[in-house]
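In the text below, chain A, chain B and the rest are named by the order of the sequence lines, each starting its count at 1.
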There are 2 protein chains.
Amino acid sequence: MGLRERKKQKTRLALIDAALDLFLEQGYEASTIDQIAANVEVSPRTFFRYFGSKEDVALALLADSQDIFLAELSARPESESPFVAMAQAMRLSLTAMGEGDEADHARFVKTRRLLDHHPQFMAGQRRLMMANEQRLLAEIARRRGTDDLRSHFVLALFTTVARVGFEYCRPDEVRDADAMAARLDEILAIAEASLRPDWDK
Amino acid sequence: MGLRERKKQKTRLALIDAALDLFLEQGYEASTIDQIAANVEVSPRTFFRYFGSKEDVALALLADSQDIFLAELSARPESESPFVAMAQAMRLSLTAMGEGDEADHARFVKTRRLLDHHPQFMAGQRRLMMANEQRLLAEIARRRGTDDLRSHFVLALFTTVARVGFEYCRPDEVRDADAMAARLDEILAIAEASLRPDWDK
DNA sequence: CAATTTATGTCAGTGAGTGACAGATGACAA
DNA sequence: TTGTCATCTGTCACTCACTGACATAAATTG
């Protein structure tokens, strides 16, 4: 990897860090692109060459985790039903986020803190999910053997379960990857208890 | 109802109609607030006194239907389980939208056409849902007798099922209230077949 | 070192959204 | 009818997110 590429990665992470810090300190609305760019000593125009919008920089890590999730999903064995495969892939992608160096972990926790305190990002999270919806739907249909309304139901139920697992927490709860994995298991148990066997076949 | 109140209702509907027509004719992004306001012969500043944002005017009817849904829900008998009560309320609020005069119906169809062709509104629809989430959650917890993670699961599953029922359709399908009610019944049947009895008790 | 590609800064511009103030217009009582 | 009051509206000035165009600087490649 050349020097140019390394510089870009560094600038991207610096922009994310500066943005998360500003958002958490003085609020999302009160923070401007000019401030973020100034803190990284970069022109505001450059910010928009890295992120398509102000919201995108707040959701940058979430977008990354989506890619990891999709990679894990396609590596799941064929024997698993669609729902089980997605649940396992989500568990693995969560632990993958928990690894990495100190800075990575700090960014992850800051992102969770930001999303917890600003419900306005819910819509953005949903937008991210939707971007991968077609690929997920194709994977579900492939595993089920048919593409019908039930495939949509399976997908919707999974994204819903994942979302509830991430959102429902006491305010004072630590939101690191381990805590989220535990919460995910909790809601998956409820879903399993509510659904008939082979409902997603 | 006084003259002032009637004028406001008229202006509000005129703004919605002008906005929907412009959005459908030349696209959402290409339409400006100035154009909408000019077509109603009102200042752009006045537009923002009726709607908080450009997106709000596109979702205005959806926001109205949410209110109807909540009213129907609180009128449901105590004997119904949370999920059944919400499903019935949704059916009734859909038929309520189907009634009304010619202009009301036209607005409803235009809104559906707009949302079908512009996936960027999905996030906004989700934002609307969330605005009522607390009230729905309270109603579910009240009917179940406890407020725990399962209440969140019931709520999330219902909103998800409703969303899939509204979204999943062939592109050429007519999107009037009757067609949407039929689609809702279809997805509710799948949900019922997938879930164990008394899962939401 | 020279040629080419690519990232960045500067500049000018559009459009959404907001606060403040003044004037217009219904609502209401005498 | 008239005058007072509350409320709605238009105008103006402003902030900020976001974009296209062009010139410059820096990295890559030979």
Side-chain angles (χ1 to χ4, degrees), chain A residues 1-23 25-60 63 114 118-121 123-124 127-128 131, chain B residues 1-60 63 114 118 120-121 123-124 127-128 131:
Chain A
M1 191 172 58
L3 169 60
R4 181 171 272 163
E5 201 63 25
R6 266 178 291 149
K7 265 194 176 177
K8 277 179 66 175
Q9 296 285 356
K10 215 174 114 186
T11 304
R12 182 183 136 89
L13 288 179
L15 283 171
I16 295 176
D17 284 335
L20 290 178
D21 287 339
L22 276 174
F23 294 164
E25 278 169 28
Q26 59 185 28
Y28 176 72
E29 301 291 345
S31 308
T32 67
I33 305 291
D34 286 10
Q35 285 179 318
I36 301 172
N39 284 13
V40 188
E41 283 173 325
V42 147
S43 82
R45 189 67 183 86
T46 294
F47 174 91
F48 285 107
R49 293 200 174 94
Y50 281 86
F51 304 99
S53 71
K54 185 179 174 183
E55 193 185 51
D56 275 3
V57 70
L59 301 175
L114 183 65
H118 294 258
Q120 63 211 35
F121 289 119
R127 183 172 51 80
L128 272 186
Chain B
M1 192 171 57
L3 170 59
R4 180 170 270 164
E5 200 63 26
R6 267 177 290 150
K7 266 194 174 177
K8 278 179 64 177
Q9 297 284 357
K10 215 174 114 185
T11 304
R12 180 183 138 91
L13 289 179
L15 283 171
I16 294 176
D17 285 334
L20 290 178
D21 287 339
L22 276 174
F23 294 164
L24 285 172
E25 280 168 26
Q26 58 185 29
Y28 176 71
E29 300 292 345
S31 308
T32 68
I33 305 291
D34 286 11
Q35 286 180 318
I36 300 172
N39 283 13
V40 188
E41 284 172 326
V42 147
S43 82
R45 188 68 182 84
T46 294
F47 173 90
F48 286 106
R49 292 201 175 94
Y50 281 86
F51 303 99
S53 71
K54 186 179 173 183
E55 194 185 50
D56 276 3
V57 70
L59 301 175
L114 184 65
H118 294 258
Q120 62 210 31
F121 289 118
R127 184 172 50 80
L128 273 185

### Message
Angle between the two end axes of the helix from C/dC1-D/dG30 to C/dA30-D/dT1, five base pairs per end, rounded to 10 degrees?
### Response
20°
#### Entry: Partner residues of A/Arg49 under the side-chain hydrogen bond (donor to acceptor under 3.5 Å, both in side chains) criterion, sequence neighbours left out
none
### Query
Using a heavy-atom cut-off of 4.0 Å to chain B, what are the terminal contacting nucleotides of DNA chain D, in 5' to 3' order?
D/dA6 to D/dT11
### Message
Treating primed atoms plus P, OP1 and OP2 as sugar-phosphate and everything else as base, which nucleotides of nucleotides 25-30 of chain C get B, S or - for protein heavy atoms under 4.0 Å?
### Response
BBS---
### Task
With rounding to the nearest 0.5 Å, note down the distance linking OG in B/Ser43 to CD1 in B/Ile33.
12.0 Å
Taking distance alone, no hydrogens or angles, what donor-acceptor pairs closer than 3.5 Å link side-chain atoms of residues 15-25 of chain B to residues at least two apart or in another chain?
residue : atom : partner  : partner atom : Å
B/Asp17 : OD1  : B/Arg107 : NH1          : 3.0
B/Asp17 : OD2  : B/Arg107 : NH1          : 2.7
B/Asp21 : OD1  : B/Lys110 : NZ           : 2.8

### Task
For A/Val42, enumerate each residue passing the side-chain contact (heavy atoms from CB on, under 4.5 Å) test, keeping only those at least two apart in sequence or located in another chain.
A/Thr11, A/Val40, A/Thr46
### Message
How long is the straight-line distance from NZ of A/Lys54 back to CZ of A/Phe48, given to the nearest 0.5 Å?
### Response
9.0 Å
### Message
Whether the side chain of A/Tyr28 engages the backbone of A/Glu55 through a donor-acceptor N/O pair (distance < 3.5 Å, no angle test) should be reported.
### Response
yes
#### Entry: Partners meeting salt bridge (Lys or Arg N to Asp or Glu O under 4.0 Å) with B/Arg45 (sequence neighbours left out)
none
### Summary
Its contact letters, B for base, S for sugar-phosphate only and - for none at protein heavy atoms under 4.0 Å, make nucleotides 10-22 of chain C read B-----SBBBB--
### Task
Can you sort out the partners of A/Arg4 under salt bridge (Lys or Arg N to Asp or Glu O under 4.0 Å), two or more places apart, ordered by chain and number?
none
### Message
How close do B/Ala58 and B/Leu114 get, counting heavy atoms only, and between which atoms?
### Response
CB-CD2, 3.9 Å
### Task
Just jot down the ring pair (Phe, Tyr, Trp, His ring centres under 6.0 Å) partners of B/Phe51, sequence neighbours excluded, or say none.
B/Phe47
### Message
Taking side chain to side chain donor-acceptor pair (under 3.5 Å) as the cut-off, I'd like each qualifying pair that reaches into residues 32-42 of chain A, sequence neighbours left out, listed once.
### Response
A/Gln26-A/Gln35
### Query
A/Glu5: what forms a side-chain contact (heavy atoms from CB on, under 4.5 Å) with it, not counting sequence neighbours?
A/Met1, A/Gln9
